[in-house]
Colleague: 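Got a structure here, written out as C-alpha cells. Questions coming.
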Amino acid sequence: MQMPPDQAAYYQTVWDIVRQVPAGHVVTFGQIAVMIPVPEGIEPDVYQRIGPRWVGNAMNAVTFRDEPTVPWHRVINSKGGISLEEGSAPATRQRTRLEAEGVRFDSKDLIDFDVFGWDGPDDDWLQERSLLRPHSMKTPPPSPDEPQQLSLF
DNA sequence: CGTTTGACTACGC
DNA sequence: CGCGTAGCCAAAC
C-alpha cells in the first residue's frame with residue numbers, strides 16, 4: 001500500500017474546490033489556499049504567502065491540458081484580473097469563457113468581486129471534507145452598530 | 001543535478 | 001497607490 005504524495009492530494013483538493021465554483025462567478029488563488037488546512041510542518045504565516053502559489057501550480061497543470069472537468073477559467077488573482085500572460089492564447093480563452101458566462105470586465109480589465117465574487121460552497125460540503133470557509137472578496141456591508149458614515153452635523 | 005522560475009500575496013516603503 | 005521583497009514547494013531548465 002502506498003501513500004500518495006502530499007502534493008498530489010493537495011492538487012486534488014484544489015481541483016475539487018474549483019469544481020464547486022458556479023458558472024458566472026470567480027474565486028481567487030488566495031481564497032482557495034485559505035480553504036485548505038495549513039499543511040503539516042509549515043508555519044501558518046508562511047503558508048499564507050506560499051499557498052496561493054501552490055494553487056497556481058495546481059491550476060497550471062489542468063490549464064495546460066485544458067481539463068474539461070475543472071473550470072480553471074473561474075480562478076483569478078486577488079486584484080480581480082487574469083494572471084496569464086496578456087494576449088496569450090490561454091488568457092484569451094479564459095476571458096472569452098468568463099464573458100460567455102456573463103462575467104464582465106471593467107475598463108482596467110478587472111472583475112467586480114461584489115457582483116461576481118464567490119464566497120465558498122455550503123457549510124456541509126466544507127465540513128464533510130474538513131475544509132475551511134474562505135474570506136469574502138466582497139466589500140463588507142456596513143455594520144449597523146458602528147457609525148459607518150461620517151455625519152456632518 | 002544545482003539553479004531558476006512561477007496562473008500569488010501580504011507587507012513595508 | 002505603485003514598487004520591491006520574501007516565502008522555501010515543484011517543475012522546468
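Heavy-atom basis, side chains included; hydrogens, waters and symmetry copies ignored. Everything numeric in this text was worked out from a predicted model, so none of it was measured.
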Colleague: Assess the residue pair A:F116 and A:V27 against the criterion (side chain to side chain contact (heavy atoms under 4.5 Å, CB included)); give the C-alpha distance rounded to whole Å, side-chain angles, the decisive distance to 0.1 Å, and a yes or no.
Modeller: CA-CA 9 Å; A:F116 306 106; A:V27 65; over 6 Å; no
Colleague: Between B:dA7 atom C1' and A:K79 atom NZ, what is the distance in whole Å?
Modeller: 12 Å
Colleague: Calculate the interatomic distance between A:N60 atom CG and C:dA12 atom P; express it in whole Å.
Modeller: 8 Å
Colleague: Scan A:V75 against the nucleic acid and name what it touches under 4.0 Å (heavy atoms): base, sugar-phosphate only, or nothing.
Modeller: base
Colleague: Can any side-chain N or O of A:Y47 pair as donor or acceptor with the backbone N or O of A:A33 at less than 3.5 Å?
Modeller: yes
Colleague: A:E85 near the nucleic acid: base, sugar-phosphate alone, or nothing, with a heavy-atom cut-off under 4.0 Å?
Modeller: nothing
Colleague: Under 4.0 Å, heavy atoms only, any strand: does A:N77 hit a base, just the sugar-phosphate, or nothing?
Modeller: sugar-phosphate
Colleague: Using OP1 and OP2 only, check whether a side-chain N or O of A:T63 sits under 4.0 Å from B:dA7.
Modeller: no
Colleague: Using whole Å, report how far CZ of A:R49 lies from P of B:dG12.
Modeller: 10 Å
Colleague: Kindly say whether A:G81 contributes a backbone atom to a donor-acceptor pair with the side chain of A:D109 at under 3.5 angstrom?
Modeller: no
Colleague: How long is the straight-line distance from CG of A:L131 back to CG of A:D123, given to the nearest 0.5 Å?
Modeller: 12.0 Å
Colleague: Tell me: CZ of A:F113 to C1' of B:dT9, nearest whole Å?
Modeller: 12 Å
Colleague: Hey, which of these two, A:W54 or A:G30, hits DNA chain B nearer its 5' end, going by closest nucleotide?
Modeller: A:W54
Colleague: How long is the line joining OH of A:Y11 and C1' of B:dA7, in whole Å?
Modeller: 11 Å
Colleague: Rounded to the nearest 0.5 Å, how far does CD1 of A:I82 lie from OG1 of A:T92?
Modeller: 8.0 Å
Colleague: Write down the distance between OH (A:Y47) and C1' (B:dC8), rounded to a whole number of angstrom.
Modeller: 12 Å
Colleague: Quantified in whole Å, what is the P atom distance between nucleotide B:dT4 and nucleotide C:dT5?
Modeller: 16 Å
Colleague: Would you tell me if any nitrogen or oxygen in the side chain of A:Q48 comes within less than 4.0 Å of OP1 or OP2 on B:dC11?
Modeller: no
Colleague: Using atom CG of A:N57 as one end and atom C1' of C:dA10 as the other, report the distance to the nearest whole Å.
Modeller: 6 Å
Colleague: A:R53 has an atom CZ; how far is it from atom P of C:dA11, in whole Å?
Modeller: 14 Å
Colleague: Between C:dA11, B:dA10, B:dA7, which one does the side chain of A:Q94 approach most closely?
Modeller: B:dA7
